[in-house]
Amino acid sequence: MSTKSGVPKVFALADCNNFYVSCERVFNPKLELQPVVVLSNNDGCVVARSPEAKQLGIKMGVPLFEIRALIDQHQVRVYSSNYTLYGDMSSRVMDTLSTFTPTLEIYSIDEAFLALSGFSQLNLTEYAQSVRQTVKQQTGIPVSLGLAPTKTLAKLANRLAKRCSSGVFDLSTADVSDVLAATPLEDLWGIGRRYAASLQEHGYSTALDLRDADLSWVKQRYGIVMTRTVLELRGQSCLPLELVTPPRQSLMVSRSFGRPVTSLTHLQEAIATYTSRAAEKLRQQQLAAGILHVFARTSRYGSVPYSDTVVTSLPVPTNDTAELLHYASRCGEALYQPGLQFSKAGVLLLHLVPETEVQANLFDTRDRTRDRKLMATVDQLNRQFGAGTVRFAAVGLQQPWALKAAHRSPRYTTRWQDLLVVR
DNA sequence: TCTGGGGTCCTAGGACCC
DNA sequence: TCTGGGGTCCTAGGACCC
């Protein structure tokens, strides 16, 4: 695969190793070489594991209560998620990566694709090594790099890089057949559990089988997405780097409750809390929403199955907390049913537009200039004195339904009170 | 007792129109 | 017996990702 100029085109996927655990370790070096896990919101499931924790057989995504015994037995260190810290560490890593190439796509909180076209004169593996070392040195975070002619193969190369001590794996020149033959379908980017099972029923079991599958059959049976995967396995790049972040289409805030909610009051408090948070996020990103979805559900495990969504079209796209709270509260009333044990609720905002491009409505009676000033002041106070300093009464005071986060580390990098003290 | 949260894209099918 | 057909738009649901 070559570009027009004849320069080999290589994608590198840089992926932070056990990112959340690594973030915790940067600020608490005692965690090195110890089994460590980081939990999802509400301390529900394991979402990151140190190699030592993986060694103990702790699987990705397992609920905490299922591995209690293992944790006690091996004194696994357990942390609640600290997304403020991880987000901040992520931007430090991305800043460092971006010094190596102008063509970089930030793919997720801990991954970035780099285009290394034009580096043909250099030894790519050495270059990748210097990327690793620099990121480690400047941020404390270990990363691995996979090199390949397509994104899908770079993803695979990265998996292999994670297993070798050098932390770099290059599939850009070698014949990949042997590697693909040793790769189960569900290890491929874009092939999840369902597709893997379905392909298996048709006699495919490895990535090599899929690469050599009949393209028109794949297209007809599974659609365009998997067809691209097949082509990428063949070394034909179909997924370009996305250098500009596409505008966001939706924004969601949802949480499971720390304990079941049965009263309308508590359901409304939770919905108001999530709505407030969603409105803050909108303002941070200078967006306004035209459609509000509010949903609530009971637990998938036991209890009466119930899940419903109420949709409201807003008269004018808005990011005003008070206005969104007004509509959300109506939705909450519509969703509530006595006797149900609600386990989760959430708010989804759609039809997002830049706040500067909001079309006025002729019949709009709100004094929006005044509203905007109020929100700006509230945001400023909360930035200065901490989140939640100024709140709307609707969010409640006690919040007995609120989620659990019993093991959270301090926000070392984003809160003055939590700054690490060296004695 | 205890099972995450936040996204995107694609497709099928219905509504509607000419 | 005859009862169009094709295009577009929208939505819900399903698949995937981290």
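In the text below, chain A, chain B and the rest are named by the order of the sequence lines, each starting its count at 1.
Residue R248(A) has no polar side-chain atom (N or O) positioned under 4.0 Å from OP1 or OP2 of dT8(B). For the pair R300(A) and dG4(B), the criterion of a side-chain N or O lying under 4.0 Å from OP1 or OP2 is met. For the OP1/OP2 pair of dC10(B) and a distance below 4.0 Å, the side-chain nitrogens and oxygens of R228(A) include at least one atom meeting the criterion.
Residue V62(A) is out of contact with every strand shown, counting any heavy-atom pair closer than 4.0 Å. Looking at heavy-atom distances under 4.0 Å, L39(A) makes no contact with the nucleic acid at all. If you check every strand for non-hydrogen atoms under 4.0 Å, R255(A) touches sugar and phosphate atoms only. Counting any heavy atom pair closer than 4.0 Å across all strands shown, S299(A) reaches no nucleic acid atom.
One N or O on the side chain of S50(A) and one on the backbone of V36(A) form a donor-acceptor pair closer than 3.5 Å.
With both ends at atom C1', the span from dC18(C) to dC2(B) equals 24 Å, rounded to whole Å.
The separation between R297(A) atom CZ and dG5(B) atom P is 11 Å, rounded to whole Å. For the pair Y83(A) OH and dG7(B) C1', the computed distance is 13 Å after rounding to whole Å. Spacing between atom CG of L348(A) and atom C1' of dG6(B) amounts to 10 Å, rounded to whole angstrom units. Going from atom CE of M252(A) over to atom P of dG6(B) covers 6 Å, rounded to whole Å. Distance F295(A) CZ to dG4(B) P: 12 Å, rounded to the nearest Å. What separates OH of Y86(A) from C1' of dG4(B) is a distance of 13 Å, to the nearest Å. Spacing between atom CD1 of I224(A) and atom C1' of dT8(B) amounts to 16 Å, rounded to whole angstrom units. Atoms CG (N42(A)) and P (dG5(B)) sit 6 Å apart, rounded to a whole Å.
Sequence order on DNA chain B of the closest nucleotides to V225(A) and S254(A) puts S254(A) first from the 5' end. Each of S256(A) and P260(A) was assigned the nucleotide of DNA chain B with the nearest heavy atom; the assignment lying further toward the 5' end belongs to P260(A).
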Evaluate the criterion ring-ring contact (aromatic ring centres under 6.0 Å, His included) for residue pair W401(A) and F342(A); output intermediate values, then yes/no. CA-CA 10 Å; W401(A) 43 267; F342(A) 292 97; over 10 Å; no
I need a per-nucleotide contact map over nucleotides 11-18 of chain C, read 5' to 3'. Cutoff is protein heavy atoms under 4.0 Å; write B for the base, S for backbone only, - otherwise. ----SSSS
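Under the Watson-Crick and G-U wobble criteria, each requiring two contacts below 3.5 Å, nucleotide dA12(B) is paired to dT11(C).
In this structure, the side-chain contact (heavy atoms from CB on, under 4.5 Å) partners of M94(A), at least two apart in sequence or on a different chain, are S90(A), L97(A), I106(A), A112(A). With sequence neighbours excluded, the residues satisfying side-chain contact (heavy atoms from CB on, under 4.5 Å) with P315(A) are E323(A), Y327(A), N361(A).
Taking both residues in full, the closest heavy atoms of Y127(A) and S130(A) are given as O-OG, 2.7 Å, listed atom of the first, atom of the second, then distance.
Ionic pairing of D88(A) and R92(A) is present here: one or more N-O contacts between side-chain nitrogen and carboxylate oxygen are shorter than 4.0 angstrom. The pair R277(A)-E280(A) counts as a salt bridge, with a side-chain nitrogen and a carboxylate oxygen less than 4.0 angstrom apart. Between E355(A) and R283(A) there is no salt bridge, since none of the side-chain N atoms of the basic residue sits less than 4.0 Å from a carboxylate O of the acidic one.
When the nucleotides dG4(B), dG7(B), dT3(B) are ranked by their closest atom to the side chain of N41(A), dG4(B) comes out on top.
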